[in-house]
Amino acid sequence: MAKKDIKSISYEELSDWIQKNNYKKFRADQIFSWLHEKNVVSFGQMKNVSKQIIQQLNTEFYINNIKIQKKLVSSIDDTVKYLCMLEDGECIESVVMEYAFGKTICISSQVGCKMGCSFCASGKAGYIRNLTTSEMLDQLYISQRDLNCSIGNIVLMGIGEPLDNYDNFIKFVKNVSDPKGRNLGLRHITVSTCGLVDKIDRLANENIPINLSISLHAPNDMIRKSIMPIAKKWSIDQLLSACRRYIEKTNRRITFEYACIDSVNVLDKHAIELAGRLKGMLCHVNLIPVNSISEESFKETENIQLNRFFDILKNKRIPVTIRRTLGQDINASCGQLRGNYLDV
Ligand code: SAH
C-alpha cells in the first residue's frame, strides 16, 4: 500500500483514521497539532504520542518536507525570497513581505504555470505539475521556522494558477485555517486568479470567506486577449458576470489587479472603459506598475500617466490604490517568480 502524505489530509480524515484503529480521539488533536502548529519533520518528534501509534503512522503515512535551497533578502525593504526544492527535485519560490499590518507570505500553487500571460515570468518555462496541499502548507511552515516568527497573512499570488489546482488549494485553505492546527483566519487569506470562470462559481459556493483577487489587466477583450490567453476562453463580460455572482453570493468585495503596461493598457480611454465596466460593483482596483522580466521588453508606465489613470478611476468613484512594489532587487515582485536559478 502506498504511503499517504499526512499533511495533505484534513483533521476529519485523520480523526477517522484514529478512530478506525481504535485509538483515543484526542490522539488526532495531538498529531494534527504536531504537524500544523509545531511543524515536526518526522513522526519520532511527536513526544506525547505512543510508540505504537508512531509505528503505525510510519508504515501508513509520510511527512512531506520541502527544503530551502536559497534565500535572498532585499536590501531595500527586507522582503525575503525563498527558492525551495520539493521532494522530487522540482523548485518553486515563496516571498515573505513586511506590511504595517504584519508579515504576509506569497505562496506558489504549481510548478510552472499553464496560463501563459505574456508579462509574467512564472509560465515562461511551461507547466510541470500541481503542488500538493502539504507543499503549499510547507512554504508557510518553513518560512515561519526560518524567520522564527508567526506569519499571519497568506496571498496565493506566487507561481501558478491556484484555481487550476482547485482541490489542493481548497484543502490547503481548510488545513491552514483549522483551529486544531495553524488556525489562520480565513479573512487573512487571499487567492488570486487570472479568471477561471467555472472555478470562481465553484468558490462562491464553498462558504469559505477568503479574499478574491482577479488579475484583470485590461478594460476590454481585445487588449486582454493580446496579453492573457485565458481571455480567449472566457470574455471579460463572462468574467465580470461571474464576479458579480460571487459578490452576490458571498457579499465580499473583489479586488481587480491591473498591471500598468506602457503603450498597452494605460491610456485615459482605457481608464474610462474600465470604470464603466466596474461601475456599481463591490470592488477595488489595485494598480501594479508592471515589473520587468528578462524575456519581455514591457515598459513600466511613467508615474504621471499612472497617476492620471488612478485619478480617472477615483473621479468615477471606483475605489483604487497603487500597489507598492516590494523586493525588486531580488526579483521577488509580482510576476517575477519562476522557480529556477535563472533569475538572480
Ligand atoms: N495565476 C494567478 C496567481 C498569480 S498572482 C493570477 O494570475 O492571478 C501574481 C499577480 O502578478 C497576478 O495578478 C499577475 O497577473 C501579476 N503579474 C504577473 N506578471 C507581472 C509583472 N511583470 N508585473 C506586474 N504584475 C505581474
Side-chain angles (χ1 to χ4, degrees), residues 79 81 92-95 97 104-127 130-131 136 139 153-166 168-169 172-173 189-197 199-200 203 210-218 223-224 226-231 233-234 236 239 242-243 246 254-262 264-266 283-301 306 309 321-328 331-339 343:
T79 296
K81 179 166 87 165
I92 46 139
E93 290 183 323
S94 328
V95 178
M97 297 156 291
T104 297
I105 184 165
C106 175
I107 279 183
S108 293
S109 56
Q110 296 179 318
V111 182
C113 184
K114 292 176 200 161
M115 300 301 140
C117 300
S118 62
F119 44 85
C120 181
S122 298
K124 292 295 179 196
Y127 163 82
N130 280 329
L131 293 191
M136 286 189 254
Q139 294 172 60
N153 303 283
I154 297 177
V155 293
L156 284 131
M157 295 190 179
I159 301 163
E161 168 49 51
L163 298 194
D164 185 43
N165 183 11
Y166 190 85
N168 291 346
F169 147 67
F172 162 79
V173 170
I189 303 174
T190 299
V191 64
S192 180
T193 176
C194 65
L196 306 191
V197 166
K199 303 291 172 26
I200 294 170
L203 187 61
I210 54 172
N211 307 305
L212 176 62
S213 282
I214 305 286
S215 298
L216 193 61
H217 304 321
I223 298 179
R224 205 159 189 268
S226 74
I227 52 177
M228 300 178 75
I230 194 71
K233 183 158 184 191
W234 283 293
I236 206 162
L239 174 57
C243 291
Y246 182 91
I254 286 182
T255 296
F256 291 105
E257 290 158 278
Y258 198 98
C260 297
I261 312 171
D262 212 34
V264 177
N265 61 1
V266 278
C283 74
H284 168 253
V285 175
N286 202 202
L287 301 176
I288 315 171
V290 76
N291 295 302
S292 59
I293 60 168
S294 54
E295 294 86 347
E296 303 288 341
S297 52
F298 282 130
K299 243 180 60 220
E300 195 178 307
T301 308
L306 192 64
F309 202 89
T321 45
I322 298 178
R323 183 182 289 176
R324 195 158 60 101
T325 294
L326 295 172
Q328 233 169 4
N331 275 353
S333 304
C334 295
Q336 294 184 320
L337 304 187
R338 52 174 88 231
D343 56 344

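Just so you know, ligand 1 is whichever comes first in the structure, and atom 1 is the first atom listed for that ligand.
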- Task: Taking all non-hydrogen atoms of both residues into account, name the closest pair between Ser94 and Gln139 and its distance.
- Result: OG-OE1, 2.9 Å
- Message: Working note: Arg324 + Leu326, criterion side-chain contact (heavy atoms from CB on, under 4.5 Å); need CA distance, chi angles, decisive distance, verdict.
- Response: CA-CA 6 Å; Arg324 195 158 60 101; Leu326 295 172; 3.6 Å; yes
- Message: Tell me whether Lys114 is salt-bridged to Glu161, with the criterion being a basic N under 4.0 Å from an acidic carboxylate O.
- Response: no
- Task: Report yes if the side chains of Leu203 and Val191 come closer than 4.5 Å at any heavy-atom pair, otherwise no.
- Result: yes
- Kindly tell me which protein residues have any non-hydrogen atom under 4.0 angstrom away from an atom of ligand 1, grouped by chain and ordered by number? Phe119, Cys120, Met157, Gly158, Gly160, Glu161, Pro162, Ser192, Thr193, Cys194, Ser215, His217, Glu257, Ile288, Val290, Asn291, Cys334, Gly335
- Item | Validation row: His217, Arg224 side chains within 4.5 angstrom (heavy atoms) | no
- Query: For the residue pair Cys260 and Leu306, what are the closest heavy atoms and their distance?
  - Reply: SG-CD1, 3.3 Å
